Amino acid sequence: MKFNRVMAGSLRDRQYELIVIGSGFGSCFFLEEALKHVSGRVLIIEWGDFHPWAWQIEHKASSLVAPETTFASLGASKKPWNTTIAMGGGLNCWFSQTPRFHPNDFKTQSLYGVGFDWPLSYEELEPYYCKAESIMSISGDPDMARVLPRSQPFPQPPHKGSSIDVLMKAAMPDQHFIMPTGRARVANGQRSVCCANATCNLCPVNAKFTAQNGFAELFSHPKVDVCLNAEVKTLEYQGSTVTGLTLMSEGKEYRVGGDQFVLGANAIQSPAILLRSDINDGDTGMGLHEQLGANVEVFLDGLGNFDGSTITTGLNYALYDGDFRRERSGCLVYFENRWPHGLRMDKDRWNQILPMMLTAEDLPDRKNRISIDPENGQAIVDYQGESEYGKIGLQHGLDQLENLLSPLPVESIQFRGWRLTESHVQGTLRMGHSKDGSVIDANMLHHRMRNLVIVGTATYPSCSPANPSLTAAALSIRAADRLYG
């Protein structure tokens with residue numbers, strides 16, 4: 001992929017119309033819209049390097065930077081916080097699962113008295129969901145509109161469900177759907193058809209949407225410069241206006257100026273940059289969270305699996321939403337078309353198993369936070385653990401599986417362990433209304449620094465059980481549209 005790479009040393013005291021910090025989901029989708037409007041030059045600053053798709057497949061990696069080397073941890077928690085420090089960020093290694101958030105995820109405080117309401121509604125975001133799905137050519141089940149209303153059809157038809165999904169959809173047509181995904185069901189000029197070999201983090205056939213096959217024209221745009229292997233340390237500002245930033249590259253510090261700034265590092269590094277800059281308004285750095293998860297394996301009697309066309313075929317919403325969310329979290333149930341626990345050893349029954357995953361929302365807690373080391377400015381993760389609300393909800397989901405799976409010939413249900421992480425780092429720069437502890441407004445603008453847009457999952461006020469990537473993309477498109485439109 002061609003792009004205009006600039007060295008950090010050449011940026012000294014230059015001025016850009018738009019500077020974008022980080023090159024993952026939030027940044028790319030914001031820039032996709034913003035480039036329709038800017039007239040001057042744009043600079044993307046990425047801490048990591050560029051690794052072509054072929055290199056990633058050969059080396060079985062998306063980055064040379066181990067995420068645990070980019071921050072320190074306090075306390076006894078061994079929870080991993082997975083990020084991708086490389087050009088394209090999480091767009092390199094994501095599994096490309098793209099459900100929308102549920103309409104009620106945006107108003108859990110108003111409806112259920114828990115968490116924070118978002119400063120915008122599902123209805124306000126819905127057109128931008130459609131735009132994000134169009135950009136990524138999302139494959140999806142039209143029946144999902146029964147739970148997640150939509151104004152436009154999915155760009156691609158749904159993947160083929162498994163024999164298990166056929167039975168579940170027949171029994172629960174309003175709650176069981178084929179997973180929407182950025183893994184192509186139909187080949188196009190940039191991507192081939194999903195091969196369903198369950199190595200989505202490093203897709204061997206280039207079927208999933210990535211920065212390289214989806215945003216090549218963005219990075220190669222004649223107005224765009226890309227500076228790699230450069231870590232942004234601080235933002236400079238006067239009054240309520242960010243005027244420039246300092247970055248480190250190869251042990252040297254440089255300054256570059258800008259008119260408009262977009263902060264899209266990740267939910268650990270973005271707050272760290274603000275804290276190092278003494279921009280610590282509201283709950284900056286607080287509320288780090290992600291979903292809780294559990295693995296299950298179901299043994300079936302006479303029913304085979306693994307005849308679907310992608311890694312995760314089914315998504316079940318029976319345990320997702322309701323007044324129970326006042327007391328415990330909702331759960332989303334994933335039906336897998338892979339065998340993470342191995343194949344069944346019984347004669348002629350090798351595929352009579354159903355691996356499943358359950359995810360539950362957590363309640364963001366201010367005690368789970370990002371701070372900085374006063375000696376060297378490094379980000380510090382202080383994570384005290386998940387909420388009882390989330391734990392109770394996840395356990396309830398596990399307890400309800402026998403009833404949920406009643407349409408299937410279930411022989412036994414085996415618990416296969418708690419999931420250490422969903423690799424969804426969220427919530428440390430939440431959006432909201434001025435003076436409510438939030439950091440940014442509904443348009444993703446910092447409450448005080450009004451030429452600073454913050455994008456990505458760091459901005460989430462609450463934790464949906466669903467994958468967060470599509471929502472991050474939609475929010476970024478909306479933010480750019482509101483800023484420039």
Side-chain angles (χ1 to χ4, degrees), residues 79 95 97-109 111-115 122 141 143-144 146-148 164-165 168-169 171-180 289-298 311-336 340 354-365 385-408 410 413-424 426-427 460 462-471:
K79 181 177 177 62
F95 274 54
Q97 317 267 53
T98 56
R100 299 179 174 191
F101 283 1
H102 191 283
N104 290 348
D105 289 336
F106 295 84
K107 46 188 176 182
T108 58
Q109 177 57 228
L111 290 176
Y112 309 123
V114 297
Y122 177 93
D141 185 345
D143 292 340
M144 289 194 83
R146 299 174 183 179
V147 173
L148 309 175
I164 292 166
D165 292 305
M168 291 298 298
K169 279 181 70 68
M172 307 174 72
D174 296 332
Q175 295 173 314
H176 193 95
F177 312 106
I178 301 304
M179 168 67 84
H289 68 269
E290 70 161 348
Q291 298 86 354
L292 294 78
N295 289 318
V296 170
E297 187 174 28
V298 180
I311 185 173
T312 303
T313 51
L315 205 55
N316 192 286
Y317 283 79
L319 308 175
Y320 193 108
D321 186 56
D323 202 53
F324 65 82
R325 290 174 82 177
R326 295 180 179 275
E327 307 295 333
R328 54 177 165 80
S329 65
C331 277
L332 189 55
V333 184
Y334 295 69
F335 286 62
E336 299 293 287
L354 169 61
M356 303 182 72
M357 181 178 79
L358 283 76
T359 59
E361 63 191 312
D362 200 7
L363 286 182
D365 188 329
E386 298 83 6
S387 66
E388 287 302 310
Y389 175 89
K391 293 176 182 177
I392 293 169
L394 184 57
Q395 184 59 57
H396 182 269
L398 291 168
D399 294 341
Q400 292 298 309
L401 277 183
E402 184 175 356
N403 180 61
L404 179 75
L405 299 175
S406 60
L408 306 178
V410 173
I413 300 174
Q414 307 292 327
F415 176 71
R416 295 303 188 198
W418 306 111
R419 295 171 61 84
L420 289 177
T421 181
E422 299 306 316
S423 299
H424 301 151
Q426 302 175 172
Y460 289 6
S462 64
C463 180
S464 165
N467 305 70
S469 300
L470 179 71
T471 298

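On a predicted model such as this, the values are computed, not experimentally measured, just so you know. Quick note: residue numbers are just sequence positions, from 1. These values consider heavy atoms only, across backbone and side chains, with no hydrogens, waters or symmetry-generated copies.
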Hey, could you give me the [atom1]/[atom2] distance between [X] and [Y], rounded to the nearest 0.5 Å?
| X | Y | atom1 | atom2 | result |
| --- | --- | --- | --- | --- |
| T108 | L363 | OG1 | CG | 7.5 Å |
| M168 | S406 | CE | OG | 7.0 Å |
| L405 | F335 | CG | CZ | 5.0 Å |
| R325 | D321 | CZ | CG | 5.0 Å |
| T313 | I178 | OG1 | CD1 | 6.0 Å |

> Backbone N or O of S329 within a donor-acceptor pair of the E361 side chain at under 3.5 Å?
Replying inline: no

> Checking T421 side chain against K79 main chain: does a donor-acceptor pair fall under 3.5 Å?
Replying inline: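 Side chain of T421 to backbone of K79: no pair is present.
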
Identify the heavy atoms of [X] and [Y] that sit nearest to each other, and give their distance.
| X | Y | answer |
| --- | --- | --- |
| E386 | D362 | CA-OD2, 3.5 Å |
| P180 | M144 | CD-SD, 3.6 Å |
| Q426 | C463 | NE2-SG, 3.9 Å |
| Y334 | P465 | OH-O, 3.9 Å |
| Y317 | P99 | OH-CB, 3.8 Å |
| C331 | A360 | SG-CB, 3.9 Å |

>> Using the rule given for side-chain contact (heavy atoms from CB on, under 4.5 Å), can you reason through V147 versus Q175, listing the C-alpha separation, both sets of side-chain angles and the distance that settles it, and then say yes or no?
In response: CA-CA 7 Å; V147 173; Q175 295 173 314; 5.6 Å; no

> What's the verdict on side-chain contact (heavy atoms from CB on, under 4.5 Å) for V296 and R416, showing C-alpha distance, side-chain angles and the deciding distance?
Replying inline: CA-CA 5 Å; V296 170; R416 295 303 188 198; 5.8 Å; no

Side chain to side chain, [X] and [Y], heavy atoms closer than 4.5 Å:
| X | Y | result |
| --- | --- | --- |
| L394 | K391 | no |
| Y320 | L315 | no |
| V410 | E402 | no |
| H102 | L148 | yes |
| L401 | L358 | yes |
| N295 | M357 | yes |
| V298 | M356 | yes |
| F101 | S462 | no |

> side-chain contact (heavy atoms from CB on, under 4.5 Å) with L111: which residues, sequence neighbours excluded?
Replying inline: N104, K107

> For D143, what residues pass the side-chain contact (heavy atoms from CB on, under 4.5 Å) criterion, not counting sequence neighbours?
Replying inline: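 Per chain and number, D143 pairs via side-chain contact (heavy atoms from CB on, under 4.5 Å) with D141, R146, K169, F177.
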
Using distance alone, with no hydrogens and no angle criterion, decide if [X] and [Y] have a side-chain donor and acceptor under 3.5 Å apart.
| X | Y | answer |
| --- | --- | --- |
| D365 | Y389 | no |
| T471 | Y122 | no |
| T359 | E422 | no |
| Y460 | D105 | no |

> Should the pair H396 and F324 be assigned to parallel (<30°), tilted (30 to 60°) or perpendicular (>60°) ring geometry?
Replying inline: parallel

>> Does E327 have more than 12 heavy atoms from other residues, nucleotides or ligands lying within 6.0 Å of its CD?
In response: no

>> Looking at Q414, I want to see if its CD is surrounded by more than 12 non-hydrogen atoms of other residues, nucleotides or ligands under 6.0 Å.
In response: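 For Q414, atom CD is crowded (more than 12 foreign heavy atoms under 6.0 Å).
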
>> Run the side-chain contact (heavy atoms from CB on, under 4.5 Å) test on L398 and Q395 for me, step by step, so that the C-alpha distance in whole Å, both residues' side-chain angles and the decisive distance to 0.1 Å come before the verdict.
In response: CA-CA 5 Å; L398 291 168; Q395 184 59 57; 4.1 Å; yes

>> Go through it in stages, so that I can follow the logic: the residues are L404 and M172, the test is side-chain contact (heavy atoms from CB on, under 4.5 Å), and I'd like the CA-CA distance, side-chain angles, deciding distance and then a yes or no.
In response: CA-CA 10 Å; L404 179 75; M172 307 174 72; 3.7 Å; yes

